[in-house]
Enquirer: 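To start, I am sharing the structure in question, which I have written as structure tokens.
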Amino acid sequence: MGGALLSLALLSPAIPADAAANADALLIQRCSVCHADARGQLARIAGQRKTPEGWLMTLVRMQNTHGLKISDEERRALVKRLADKQGLAPSETAPVRYALERRLNTVEQFESEALTQMCARCHSGARVALQRRSEKEWAHLVHFHLGQLPSLEFQSLGRDRDWFGVALKEVVPDLAKQFSVDDPAWKDWQAQTPQPVTGTWSVSGHLPGKGGFIAEMSVKSQPDKKDHYVVSWQGKYDDGSVLNGQGSAVLYTGYEWRAHVDVDGVAWRQVFALDHDALKGRMFQREHDEIGADIVAVRHESGNSRVLAVHPAYLKTGQTGTLTVVGNALSGKLALPEGVRLLKIIEQSPRRIVAQVVADRRALGVHTLSVGKTKGGTLAVFERIERIRVLPEFAVARVGGNGGSEARVDARFEAEAWARSASGEYRIGLVPAKWSVAPFNADAERDRDVEFAGAMNAVTGIFTPAPAGPNPARHLMTNNAGNLAVTAEVTDGKTALQGTGQLIVTVQRWNNPPIP
Amino acid sequence: MKKFSLLATLILPLAFATPAITHAAPTPDNVALEKNTAAPLVPGREYMVVANHPNLLHVLDLVSNRVLKTCALPDAFGPGSIQIAPDRRIAYLLNNRFGSIYGIELDACKLVFKADMALQKDERAKSFFSIAVSQDGRELYTVQNPTLLLKDHYEVGEPRLAVYDTAAGLNAKPERLFPAPRQTTIMQTGEDGALYILGADLYKVDVTNGKTEVVLPVRDWGRPGYGAPDVLYAWPIQTPRREFMVLYTAPRFQDEKQDLEHAEYKYGLLSLDLKTGKTEVRDFTTLSEIYFSGIRSPKDGNLLFSVLNGLRKFDIAAERQIGSADLDHAYYQTSISHDGRRLYLSGTLNDVAVFDTDSLKRITTIRLPGGDMSLGTAQVFIR
């Protein structure tokens, strides 16, 4: 069988046939040179399941260090095929999607100390948790790590133990159990009916440093290319500025939505998960993935009535506000909580309701809205802000540019307001703030980190780090690293409130694969 | 990104892969490349040898504090760990990305020895700062960490102690191979002919039969009142005192509860006297900053100099810092003159800083042709 496929592929590589069959032929043609076992099976490949990004990293490594020669087109076909037939089920990626979504300020917490110390001291723990392997394959991975990176057993948290022994004897069996290639979740997922994705989507999102937005996304099939789509976007930020774009998308593994969208000349990537006519995830700039928006979307053609979000999601008592409720198949009356009075409906359609309202003290708290029989979206009503939290509480920015290969990485902060009611604290939402930085500690003060590390935009909360490279003007000629306290000052009436976070400005990330 | 405890943050830069200081590009325009390769060294005169990027070996005249000569090295740079032969004519150097050892006859800048750490075609083998020469100069030792690069997988092999005949020329193969413990780094030879290797413990190896014993437990040192020490030391410095010395950090507990949270972290030294084989373990200060390396005065073994982001001087017995000098940039390695009067700071960028050991005043700076010395080990010797 393998031989027949191989000769077919060699004889007629250009015959258009089923994309999956073509990719399978390509897999045998290019990978069996090294990977075929005695029975002609691609044993090493068969023992693994990965995300599209995971397979991409594998193929690129094969190209970079093991002499694999394939075109970009062929690589795309292989990633698609491998992610489809040896992917991860939605339940398997759910806990660690932050890594696929490039949320690099995530502070990981794993129960397993071994995973944290043995694996996640060099790369994200998510990179491990986004793979499924047989025990033999996990053991191969350990050998590969020490063979490729032989200094790792001498590094901090390596030299304090018999790293290789612990890895093989303790970590491998644990990983094989926790992240098994034979997890029934995958079989269950493969048995599911494919989910439709074409049509028009209502999208609600939020971009830190800019604000909320509402858009419509149209998705059309690409002719003769299964799971490939043409995408166009039309939308507006809450501040009225326009957000339009177009691009293309691929649906991997039946739910992993990956799109490239050009928005006003800037390339953005979308990493969403499809779940029953809903999309959820993050879209971020391809060259600056720290700039990214959280997204939820619902497909119109589903006919499912759904409230996606309310913009803005909070209201201060005594002030007249304009709320936009976004969703799908919205019909019936907009029901407001007691204490929120409807002044007028400005617009009502199945996808959007714009209403002018005013709230009083009876409405204090967080409420789920409803339109007709459909509940969804939350509105927080507050009288005064009790506390400000800086998000993220801990962020990393990186120096860059200055002739080096790596661009700088900004940090983006937001001020989250909280209120207090008799039953406890509740979240109001993200509010405008005046931003500043200060030395985090005595060392930062001595080394004048505030002066050297970069600049905070007082209005947007965006911190732009300084150029890379040793700085002769600094103590010890060090680079423009810094340890900064980030302060958000929010004025609520006559009260000024402050929240603080921490920003580490550090050196470039030289190794920056799709899964961090 | 993960948050680390304060201590972990302090220790983390010790990982090889992420030195805290970014390295300046080579600056050949600023410094004339002195070739002068044929200048023979003068017996009785003190010199320093040190290697740097792109792949150069320099001999510094420590009387004039000038670069005497620069030898171009074959293959690739890194780490540049040097050992001087007992006759002080040949510098042995671990280089080529931790993959080969070279012997350079210094008078003529002539390559006289080369051994690749990989012993077969499908093998990758690296040696971690691991290089020593026998007391008679006839043998060279290193621990190789091999991995077989097989057709569809890697197979990490057991580390091996390789013994070479220094007269084996440019395609040297080991005379003898013995199994070695994992995770070993620097080594030195004792006057009794034994080879001392630092790893999870300090080992003593009989180089004739590979018999290995622990002379000083390190990782599990069992020192009353202390937690496990952390040792990372990339500099096999051949000291005028003839001691094999490295620095450690370790938590000293407040009481029997052995609570790490409230322990006081100490800096100390582990030392082995290469003349007598006697070992010594002692604290010299409380941990408040990181030192990459240190050296004791040949005039007074109670004086210790250490360096990274500052140059510090300690009275060991009193556990007290008695001198300090600010630096223009970080340096990784301390070397000392045989009369104990001059201290030389190397590593990191491309200059050697010369200090007076009494006053800790900087005497001069010797700029090297080429770029970073990085993690290389310089050696000071009298020809």
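We name chains A, B, ... by the order of the sequence lines, and we start the count at 1 in each one.
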Enquirer: Do other residues, nucleotides or ligands put more than 12 heavy atoms under 6.0 Å from the CZ atom of A:R446?
Expert: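 Above 12, so yes.
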Enquirer: Any donor-acceptor pair under 3.5 Å linking the side chain of A:R159 with the backbone of B:R219?
Expert: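 No; zero donor-acceptor contacts below 3.5 Å.
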Enquirer: Can you check whether A:R161's main-chain N or O pairs, donor with acceptor, with B:Q183's side chain at less than 3.5 Å?
Expert: yes
Enquirer: How far does CG of B:D230 sit from CG of A:L157, to the nearest 0.5 angstrom?
Expert: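 Here the rounded value is 9.0 Å.
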Enquirer: For A:E445, does the CD atom sit with more than 12 other heavy atoms under 6.0 Å from it, leaving out its own atoms?
Expert: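 At most 12 heavy atoms, drawn from other residues, nucleotides or ligands, come within 6.0 Å of this atom.
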Enquirer: For B:T184, which atoms come within 4.5 Å of any heavy atom of chain A: side chain, backbone, both, or neither?
Expert: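 Contact with chain A is through the backbone of B:T184 alone.
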Enquirer: Can you check whether B:Y154's main-chain N or O pairs, donor with acceptor, with A:Q148's side chain at less than 3.5 Å?
Expert: no
Enquirer: Under 6.0 Å from the CZ atom of B:R223, do we count more than 12 heavy atoms belonging to anything else shown?
Expert: yes
Enquirer: Is the CD atom of B:Q120 crowded by more than 12 outside heavy atoms at less than 6.0 Å?
Expert: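 Yes.
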Enquirer: Please answer whether the main-chain N or O of A:G147 pairs with a side-chain N or O of B:R124 as donor and acceptor at a distance below 3.5 Å.
Expert: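 Side chain of B:R124 to backbone of A:G147: a pair is present.
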Enquirer: Can you tell me which of A:L146, A:D37, A:V142, A:V33 forms the most heavy-atom pairs within a distance under 4.5 Å of chain B?
Expert: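 That would be A:L146.
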Enquirer: Find out whether A:E153 and B:R182 are in side-chain contact, i.e. whether some heavy atom of one side chain is under 4.5 Å from a heavy atom of the other.
Expert: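 Touching, per the 4.5 Å side-chain cut-off.
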Enquirer: Heavy-atom distances under 4.5 Å only: say whether B:K126 touches chain A with side chain, backbone, both or neither.
Expert: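 It is the side chain, since no backbone atom gets that close.
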Enquirer: How far does NE2 of B:H329 sit from NE2 of A:H475, to the nearest 0.5 angstrom?
Expert: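 The distance works out to 12.5 Å.
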Enquirer: Taking A:H143, A:R474, A:H66 one by one, which has the highest count of heavy-atom pairs under 4.5 Å against chain B?
Expert: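 Of A:H143, A:R474, A:H66, A:H143 has the most heavy-atom pairs under 4.5 Å with chain B.
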Enquirer: To the nearest 0.5 Å, what is the distance between CG on B:N145 and CZ on A:F164?
Expert: 11.0 Å
Enquirer: So does B:D152 get a backbone contact from the side chain of A:R44, meaning a donor-acceptor N/O pair under 3.5 Å?
Expert: yes
Enquirer: I'd like to verify something: which residue of B:L149, B:L148, B:V218, B:V231 has the highest number of heavy-atom pairs under 4.5 Å with chain A?
Expert: B:V231
